[in-house]
Amino acid sequence: MVKAPPAPPGSEAELMDRVLHISGRTLGELAAQFSIAVPRDPIHAKGWAGQLLERVLGATAASAPEPDFQDLGVELKTIPVNPHGTPLESTYVCNVPLEPSSRAPNWESSTVRRKLARVLWLPIIVTPQSSLAQRPVGRGMLWSPDPVQAGSLRQDWEELMDQVCLGQLESITSHLGTCLQIRPKAANARARRWGVGAQGERIRTGPRGFYLRSNFTAGILREYYAN
DNA sequence: TGCTGATCATGA
DNA sequence: TCATGATCAGCA
């Protein structure tokens, strides 16, 4: 039976009820229910699982810089995991504000903190042989950073943004940060944005994103599935 | 073989 | 074009 995309969930409880109902279903089954084609080529399927689950669960924000479930303030993150529940990839959080006018003055008002304040982690279980359609959805979990996690995120954010503000963009590598890192985030290596150079001058530089390291998200998932 | 740097699709 | 959704693939 083909289903219409659902209305946004009215509460976290309703959202988690929907999550419970898709747990164990494969991406192929869910796509079929909503008459969505499954891409054949993984190279051209980046992000497809995330967009499928947004529709299945009734997310609203589309490509706006807003939480996926705007009314609930909940961000949806699908995350590929192996059968043990260990993440296979880092997780994109948001873009890095490179221009002074777009930068938050402190951690409290940063996009990173707001995005991560409430996250629905939805594991997609990946085995070496499984096609995209064969991958099952795992048990979703609603998460907010505990004080230790929040402290680590804040420390990384402050260190990284210090570098951005000081015009040290070109020396920022993905090696910095224990849980949060800055990496390129662009359609290709030619993309440019305005940023700040070492003398405070405006420069053209590659767009970058904040990502959560996979060992950090591994800790989040472990904590939950142990209970 | 884990991680970094690069890349692909879609929508407003 | 730039934000979202992420995964790919080569190299240390």
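Quick caveat: nothing in here was measured; it's all calculated off a predicted structure. So that the names make sense, note that chain A is the first sequence line, chain B the second, and so on, each numbered from 1.
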In this structure, how many angstroms lie between the P atom of dG5(C) and the CG atom of Leu132(A), rounded? 18 Å
Enumerate the protein-to-nucleotides 8-12 of chain C contacts in which both atoms are nitrogen or oxygen and the separation is below 3.5 Å.
residue	atom	partner	partner atom	Å
dC8(C)	O4'	Lys46(A)	NZ	3.4
dC8(C)	N4	Glu89(A)	OE1	3.3

Go through it in stages, so that I can follow the logic: the residues are Leu160(A) and Val96(A), the test is side chain to side chain contact (heavy atoms under 4.5 Å, CB included), and I'd like the CA-CA distance, side-chain angles, deciding distance and then a yes or no. CA-CA 10 Å; Leu160(A) 291 166; Val96(A) 177; over 6 Å; no
Closer than 4.0 Å, any side-chain N/O of Ser174(A) to the OP1 or OP2 of dG5(B)? yes
Please find the pair of heavy atoms, one from Gln168(A) and one from Ala198(A), that lie closest to each other, and give the distance. NE2-CB, 4.4 Å
Walking DNA chain B from its 5' end, the first of Arg55(A) and Gly47(A) to be reached, judged by nearest nucleotide, is Gly47(A)
Let me know the distance between CG of Leu76(A) and C1' of dG5(C), rounded to the nearest Å. 10 Å
Report yes or no: do Thr178(A) and Asp156(A) form a side-chain donor-acceptor pair below 3.5 Å? yes
Using the salt bridge (Lys or Arg N to Asp or Glu O under 4.0 Å) criterion, which residues pair with Glu108(A)? Sequence neighbours excluded. Arg154(A)
Contact check, residues 90-103 of chain A vs DNA chain C, heavy-atom distance under 4.0 Å, returns Ser90(A), Tyr92(A), Asn95(A)
Atom CD of Glu66(A) to atom P of dT4(C): distance rounded to whole Å? 10 Å
Checking side chain to side chain donor-acceptor pair (under 3.5 Å) between Thr60(A) and each of Glu66(A), Glu54(A), Gln70(A), which is the one that passes? Gln70(A)
Rounded to the Å, how far apart are Leu160(A) CG and dT4(B) C1'? 15 Å
Could you tell me whether Ala191(A) contacts a base, only the sugar-phosphate backbone, or nothing, with contacts defined as non-hydrogen atoms closer than 4.0 Å? nothing
Smallest separation among heavy atoms of Ser171(A) and Gln163(A), with atom names: OG-OE1, 4.4 Å
How sharply is the helix from dT1(B)-dA12(C) to dA12(B)-dT1(C) bent, taking the axes over five pairs at either end and rounding to 10 degrees? 20°
Taking N and O atoms by type only, does the side chain of Lys185(A) place a donor or acceptor under 3.5 Å from a partner on the base of dG5(B)? no
Side chains of Trp121(A) and Glu75(A): is there a donor and an acceptor less than 3.5 Å apart? no
Interatomic distance where CH2 belongs to Trp48(A) and P belongs to dG11(B) [whole Å]: 14 Å
Along DNA chain B (nearest heavy atom to each residue), the more 5'-positioned of Ala187(A) and Gln181(A): Gln181(A)
Output the residues of residues 202-219 of chain A in contact with DNA chain C, where contact means a heavy atom of the residue under 4.0 Å from an atom of the strand; sort by number or write none. Tyr211(A)
Find out whether Ser130(A) and Arg135(A) are in side-chain contact, i.e. whether some heavy atom of one side chain is under 4.5 Å from a heavy atom of the other. yes
Note: contacts of residues 109-131 of chain A with DNA chain C (heavy atom, under 4.0 Å) are Lys115(A)
Rounded to whole Å, NE2 of His175(A) lies from C1' of dC3(B) at a distance of 8 Å
Looking at Gln33(A) and Arg25(A), what are the two nearest heavy atoms and their distance? NE2-NH2, 2.9 Å
Measure from CD on Glu170(A) to P on dG5(B) and round the result to the nearest Å. 12 Å
Please table the atom pairs, donor to acceptor, closer than 3.5 Å between any side-chain atom in residues 37-45 of chain A and protein atoms at least two apart or in another chain.
residue	atom	partner	partner atom	Å
Asp41(A)	OD1	Ile43(A)	N	2.9
Asp41(A)	OD2	His44(A)	NE2	3.3

OP1, OP2 of dA6(C) versus side-chain N and O of Thr78(A): anything below 4.0 Å? yes
For Arg192(A) and Gly50(A), find the nucleotide of DNA chain C closest to each by heavy atoms; which residue's nucleotide sits nearer the 5' end? Arg192(A)
Qualifying side-chain hydrogen bond (donor to acceptor under 3.5 Å, both in side chains) pairs with a residue from residues 85-98 of chain A, counting only residues at least two apart or across chains: Ser90(A)-Arg183(A)
Output the rounded distance in Å from CD (Glu54(A)) to P (dT4(C)). 11 Å
I want to check one thing: is the phosphate of dA9(B), taken as OP1 and OP2, less than 4.0 Å away from some side-chain N or O of His44(A)? yes
How close do Ala150(A) and Trp107(A) get, heavy atom to heavy atom, and via which atoms? O-CZ2, 4.2 Å
Scanning both residues in full, the closest heavy-atom pair of Pro87(A) with Thr217(A) reads CG-OG1, 3.5 Å
With sequence neighbours left out, the residues meeting salt bridge (Lys or Arg N to Asp or Glu O under 4.0 Å) with Arg18(A) are Glu14(A)
Tell me which donor-acceptor pairs under 3.5 Å the side chains of residues 188-195 of chain A have, and how far apart each pair is, sequence neighbours excluded?
residue	atom	partner	partner atom	Å
Asn188(A)	OD1	Arg190(A)	N	2.9
Asn188(A)	OD1	Ala191(A)	N	3.4
Arg192(A)	NH2	Ala189(A)	O	3.4

Test: salt bridge (charged side-chain N to carboxylate O under 4.0 Å, His left out). Region: residues 116-134 of chain A. Which pairs qualify, not counting sequence neighbours? Glu12(A)-Arg118(A)
Could you go through residues 200-210 of chain A and list every donor-acceptor pair under 3.5 Å that involves a side-chain atom there, pairing it with any protein atom two or more places apart or in another chain?
residue	atom	partner	partner atom	Å
Glu201(A)	OE1	Gln199(A)	N	2.9
Arg202(A)	NH1	Glu99(A)	OE1	2.7
Thr205(A)	OG1	Glu170(A)	OE2	2.9
Thr205(A)	OG1	Arg208(A)	NH1	2.9
Arg208(A)	NH1	Gly206(A)	O	2.6

